[in-house]
Colleague: 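Once you've had a glance at the structure underneath, I'll fire off some questions.
Here the structure is a predicted model, which means the values were calculated and not measured.
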Amino acid sequence: MVINIRLSDRTTAESDDPLGRDWYGYDPDATPEQLWANNRGDWFLSAKSISDERWAALNYQGRVVLVAKLKNPNHEILAGNTRAPKKALIGRVLPAGHSIHDALIGTQVDYAPGSRNSILYGPDPEMGEVDADLAEAGDLAGAEGQGLQMDAEVRKTIENAAQDRLMRYYRDLGWTVTDTRHDRPYDAEAVRGTDRVYLEAKGTQSRGNSVIVTRNEVDHARLYPGLCMMGVWSGMQIVDDEVDPEAGEFRILPFNPDDGKLRPRDFDWTIPGDAP
């Protein structure tokens, strides 16, 4: 589900505003980050309801003007309330090009006639309410396989963490590991005595049943059968712009492309069912 938040026109905040804001509401001249910072709270929200949410969308005059991905923790409780604790959401503004942003931005949010409630829970774009190709494009938690991560910063963070973990694993076993990601069709080379293996790392927020591999990676693995290993870190989570080292599952398995299923994209490689 998506937490839809209806914005009023820009309004001057009270001097004792719990978020220390000067204003709230919609300002067409504000940056997306400013708009989010000034409207992520303070709201009467159920902690139980928002614990299951991953997206928040701000709308003005019925049209979505901003989309954010909620972090973990996804909210904070604000002080100074007399009736019930109000909350402010914690999240990151999604840029244009991100599949969820592009699926929701500009869409209509329909409130019941006469409703004064600013909060409305809408359908999750991952559940078939948007074009399937858009949903598939994102690397989404809970999805079966790896998708394209549209946020370049998040993508780099995930890729680096997965490769660092794979290289560390082999170094801890006594291998000499060389980072080759920038000039070879594999991420690293591990040598121990006369043994040599080629390492490929994949990080994904999905379940990791399939991962994206390039044509060069497939061609190289076919040239060196039995000598290529892949580390797959699935279920990865980003907390405060850093990878949670305790989240997800890390597997190391032989990378023999023809043992699984390849679907051209470059390729999706479905990991063999009997892989560890």
Colleague: Let me confirm one number: the OH-CZ distance from Tyr111 to Arg116, rounded to the nearest 0.5 Å.
Modeller: 14.5 Å
Colleague: So do the side chains of Ile90 and Leu70 get within less than 4.5 Å of each other, counting heavy atoms only?
Modeller: no
Colleague: Does the distance from a Lys or Arg side-chain N to an Asp or Glu carboxylate O, for Arg21 and Glu14, drop under 4.0 Å?
Modeller: no
Colleague: Which pair of non-hydrogen atoms, one from Ile119 and one from Ile5, has the smallest distance, and what is that distance?
Modeller: CD1-CG1, 3.7 Å
Colleague: Closer than 3.5 angstrom, by distance alone: can the side chain of Arg40 be matched with the main-chain N or O of Leu89 as a donor-acceptor pair?
Modeller: yes
Colleague: With distance as the sole test, does Asp244 use its side chain to make a donor-acceptor pair with the main-chain N or O of Gln237 at under 3.5 Å?
Modeller: no
Colleague: For Asp187, does its backbone N or O pair with a side-chain atom of Gln163 as donor and acceptor, under 3.5 Å?
Modeller: yes
Colleague: If you measure only the distance, is there a donor-acceptor pair under 3.5 Å linking the side chains of Tyr60 and Asp9?
Modeller: yes
Colleague: Considering only NZ, NE, NH1 and NH2 on the basic side and carboxylate oxygens on the acidic side, decide whether Arg215 and Glu217 come within less than 4.0 Å.
Modeller: no
Colleague: Take Ile100 and Trp55, measure what side-chain contact (heavy atoms from CB on, under 4.5 Å) needs, and give me the verdict at the end.
Modeller: CA-CA 9 Å; Ile100 303 301; Trp55 319 107; 3.6 Å; yes
Colleague: Run the side chain to side chain contact (heavy atoms under 4.5 Å, CB included) test against Tyr169 and tell me which residues pass, sequence neighbours left out.
Modeller: Leu173, Ile252
Colleague: If I compare all heavy atoms of Trp233 with all of Ala161, which pair ends up nearest, and what's the gap?
Modeller: CZ3-O, 3.7 Å
Colleague: Under 3.5 Å, is there a donor on one side chain and an acceptor on the other for Arg181 and Asn160?
Modeller: yes
Colleague: Do side-chain atoms of Lys202 reach the backbone of Ile212 as a donor and acceptor pair under 3.5 angstrom?
Modeller: yes
Colleague: Can you tell me how far CG of Asn4 sits from CG of Leu120, rounded to the nearest 0.5 angstrom?
Modeller: 5.5 Å
Colleague: If you measure from CZ on Arg63 to OG1 on Thr107, what distance do you get to the nearest 0.5 Å?
Modeller: 8.0 Å
Colleague: Does the side chain of Thr204 reach to within under 4.5 Å of the side chain of Ile158, using non-hydrogen atoms?
Modeller: no
Colleague: Could you tell me whether a side-chain N or O of Asp17 sits under 3.5 Å from a main-chain N or O of Ala13, the two making a donor and an acceptor?
Modeller: no
Colleague: Other than Tyr186, which residues form its hydrophobic cluster under the rule that side-chain heavy atoms must be closer than 4.5 Å?
Modeller: Tyr198, Leu223, Tyr224, Leu227
Colleague: What verdict does the side-chain contact (heavy atoms from CB on, under 4.5 Å) test give for Arg92 and Leu94, after you've listed the backbone C-alpha separation in whole Å, the side-chain angles of each residue and the deciding distance to 0.1 Å?
Modeller: CA-CA 6 Å; Arg92 173 176 57 84; Leu94 295 181; 4.1 Å; yes
Colleague: Looking at every non-hydrogen atom in both residues, tell me the closest pair between Pro32 and Leu66 and how far apart they are.
Modeller: O-CD1, 3.0 Å
Colleague: Search all heavy atoms of Val64 against all heavy atoms of Ala57 and return the closest pair with its distance.
Modeller: CG1-CB, 3.9 Å
Colleague: Which value, rounded to the nearest 0.5 Å, describes the distance between Asn39 atom CG and Ser118 atom OG?
Modeller: 10.0 Å
Colleague: Can you give me the closest heavy-atom contact between Ala30 and Leu35, atom names plus distance?
Modeller: CB-N, 4.4 Å
Colleague: Between NE2 of His220 and CZ of Arg222, what distance do you get to the nearest 0.5 Å?
Modeller: 13.5 Å
Colleague: Side chains of Asn59 and Gln108: donor-acceptor distance under 3.5 Å anywhere?
Modeller: no
Colleague: Walk me through it: do Tyr170 and Leu199 pass the test side-chain contact (heavy atoms from CB on, under 4.5 Å)?
Modeller: CA-CA 10 Å; Tyr170 274 86; Leu199 307 178; 3.6 Å; yes
Colleague: For residues Val211 and Met230, determine if any side-chain heavy atom of one lies less than 4.5 Å from a side-chain heavy atom of the other.
Modeller: yes
Colleague: Could you tell me whether the side chain of Pro245 reaches within less than 4.5 Å of the side chain of Arg165, counting heavy atoms only?
Modeller: no
Colleague: Can you name the closest pair of heavy atoms from Gly91 and Trp36 and give their distance?
Modeller: O-NE1, 3.4 Å
Colleague: Side chains of Thr178 and Thr180: donor-acceptor distance under 3.5 Å anywhere?
Modeller: no
Colleague: Apply side-chain contact (heavy atoms from CB on, under 4.5 Å) to the pair Ser234 and Gln205, showing each step before the final yes or no.
Modeller: CA-CA 6 Å; Ser234 57; Gln205 297 174 91; over 6 Å; no
Colleague: Determine all donor-acceptor pairs shorter than 3.5 Å in which one atom belongs to a side chain in residues 22-29; sequence neighbours excluded.
Modeller:
{"unit_1": "Asp27", "atom_1": "OD1", "unit_2": "Asp29", "atom_2": "N", "d": "2.9"}
{"unit_1": "Asp27", "atom_1": "OD2", "unit_2": "Arg10", "atom_2": "NH1", "d": "2.5"}

Colleague: As an exercise, state the distance from CE of Met167 to CD of Glu189, rounded to the nearest 0.5 Å.
Modeller: 12.5 Å
Colleague: Taking the side chain from Asn256 and the backbone from Asp259, do they hold a donor-acceptor pair closer than 3.5 Å?
Modeller: no
